[in-house]
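Remarks on the structure that follows.
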Amino acid sequence: LGVIPKMNLTKADIEETRMYMAALERIYDRYLFLAGKNKGRDERRAHFMKILLEKYSAKEKEAEMDKFQIEMLSKAAYLCNIGDMLLPDIPEEEKADSYIYQQHTSLGADIIQLNSSKHCRRFVQLCADICLHHHERYDGKGYPDGLKGEEIPISAQLVSLADVYDALVNERCYKDAFSPEEAFYMIVRGECGIFSPKLMEIFRMVREQFEELARPGEASEKENSEK
């Protein structure tokens with residue numbers, strides 16, 4: 001499993017990065033509100049990401065992260081679809097095969113990287129990688145670059161897993177929700193795509209936390225226009 005690089009950040013780095021990510025979050029929230037979209041999926045993805053990051057950090061000692069890094073990468077998971085703001089509305093059931101919709105990854109990375117300040121630059125790049133590569137697949141069948149295996153940044157792999165799990169346990173306009181138990185076994189059996197074997201080890205370790213978070217969403221509303 002890849003390593004998220006450690007960073008020796010100054011106080012100015014931390015403060016400016018936190019302010020910038022908060023500003024992006026406000027912009028994205030405003031877009032969701034005006035577009036009439038529910039932000040529940042984005043919030044849940046960020047929570048699942050935080051759980052994965054905490055276990056990843058504890059298990060992979062060479063990649064141990066502090067609270068700030070986990071906080072910001074979880075926020076990046078929340079913002080991974082920020083590129084949607086620049087695209088026309090596309091029906092949920094058509095997104096998987098839409099070349100236009102696939103552009104939300106590169107557009108989102110461009111938005112994240114608008115701040116080139118020396119205090120934000122290093123961390124912003126990590127967050128941009130999440131936007132750009134969270135639809136890559138371990139078998140190389142994802143987009144936009146068709147990256148394969150450990151070519152995919154680990155941060156993006158974690159977001160992809162969080163997103164797949166959330167999609168399974170929540171109702172969509174084109175499918176019913178699976179139970180948390182069903183979702184767990186579908187993922188470990190490879191029914192929802194291939195993931196890194198080491199990432200699957202982490203997923204097994206956080207099963208109980210994922211299921212605890214997922215259960216309140218079993219009665220969630222149908223999300224007609226979200227990805």
Do Leu86 and Ile111 have side-chain heavy atoms sitting under 4.5 Å apart? yes
Side chains of Tyr31 and Asn81: is there a donor and an acceptor less than 3.5 Å apart? no
List for me each residue that meets side-chain contact (heavy atoms from CB on, under 4.5 Å) alongside Ala12, sequence neighbours excluded, and say none if there are none. Thr10, His119
Shortest non-hydrogen contact from Met49 toward Ser74: CG-CA, 4.0 Å
Nearest heavy-atom pair of Glu181 and Glu211: which atoms, and what distance? CA-OE2, 3.8 Å
Does Tyr99 have its ring centroid less than 6.0 Å away from the ring centroid of Tyr143? no
Within the distance-only criterion (no hydrogens, no angle test), does the side chain of Gln157 pair as donor or acceptor with the backbone N or O of Ile152 below 3.5 angstrom? yes
Inter- and intrachain pairs under salt bridge (charged side-chain N to carboxylate O under 4.0 Å, His left out), touching residues 98-125, at least two apart: Asp13-Arg122
Test item: His104 and Lys95 side chains (from C-beta on) under 4.5 Å apart, heavy atoms: no
Answer with yes or no after comparing the ring centroid distance for Phe195 and Phe203 against a 6.0 Å cut-off, counting only values under it. no
Salt bridge (Lys or Arg N to Asp or Glu O under 4.0 Å) with Arg30: which residues, sequence neighbours excluded? none
ILVMFWY cluster, Tyr165 and Tyr138 together (side-chain gap under 4.5 Å): no
For Val206, is there any backbone N or O sitting under 3.5 Å from a side-chain donor or acceptor partner on Gln209? no
Which residues share a side-chain contact (heavy atoms from CB on, under 4.5 Å) with Glu54, sequence neighbours left out: Lys50, Ile70
Using the rule that two of Ile, Leu, Val, Met, Phe, Trp, Tyr join whenever any of their side-chain heavy atoms come within less than 4.5 Å, decide whether Ile194 and Tyr185 are in one cluster. no
Provide the closest heavy-atom pair for Ala109 versus Ala128 in the form atom of the first, atom of the second, distance. CB-O, 3.7 Å
Leu53 with Phe48, same ILVMFWY side-chain cluster at under 4.5 Å: yes
Of all residues at least two apart in sequence or in a different chain, which pass the side-chain contact (heavy atoms from CB on, under 4.5 Å) check with Asp145? Leu132, His133, Glu136, Leu147
Please check if the side chain of Lys175 supplies one atom and the backbone of Ala167 the other of a donor-acceptor pair under 3.5 Å. yes
Answer yes when Glu71 and Lys67 have at least one side-chain N-carboxylate O distance shorter than 4.0 Å, and no when they do not. no
Nearest atoms (heavy-atom pairs only) where Ala96 meets Gln102: O-NE2, 4.1 Å
Is there a donor-acceptor pair closer than 3.5 Å between any side-chain N or O of Ser155 and the backbone N or O of Ile130? no
Between Phe123 and Tyr20, is the gap from one ring center to the other below 6.0 Å? no
Closest non-hydrogen atoms of Tyr56 and Met65, given as atom of the first, atom of the second and distance, are CD2-CE, 3.5 Å
Do you see a donor-acceptor pair shorter than 3.5 Å between the side chains of Ser117 and Glu16? yes
side-chain contact (heavy atoms from CB on, under 4.5 Å) partners for Ile100, two or more places apart: Leu87, Pro88, Ile90, Ser98
Under a single-linkage definition using a 4.5 Å side-chain heavy-atom cutoff for Ile, Leu, Val, Met, Phe, Trp and Tyr, are Ile27 and Leu32 assigned to the same hydrophobic cluster? yes
Minimum heavy-atom distance Val169-Ala183, with the two atoms named: CG1-CB, 3.5 Å
Contact check, side chains of Met200 and Ile187, non-hydrogen atoms, under 4.5 Å: yes
Donor-acceptor check, side chain of Glu94 to backbone of Pro91, threshold 3.5 angstrom: yes or no? no
For the pair Asn170 (side chain) and Asp166 (backbone), establish whether a donor and an acceptor sit closer than 3.5 Å, ignoring hydrogens and angles. yes
Hey, which of Lys39, Lys75, Arg18 is the one that makes salt bridge (Lys or Arg N to Asp or Glu O under 4.0 Å) with Glu25? Lys75
Answer yes or no: is there an ion pair linking Arg45 with Asp42, defined by an N-O contact shorter than 4.0 Å? yes
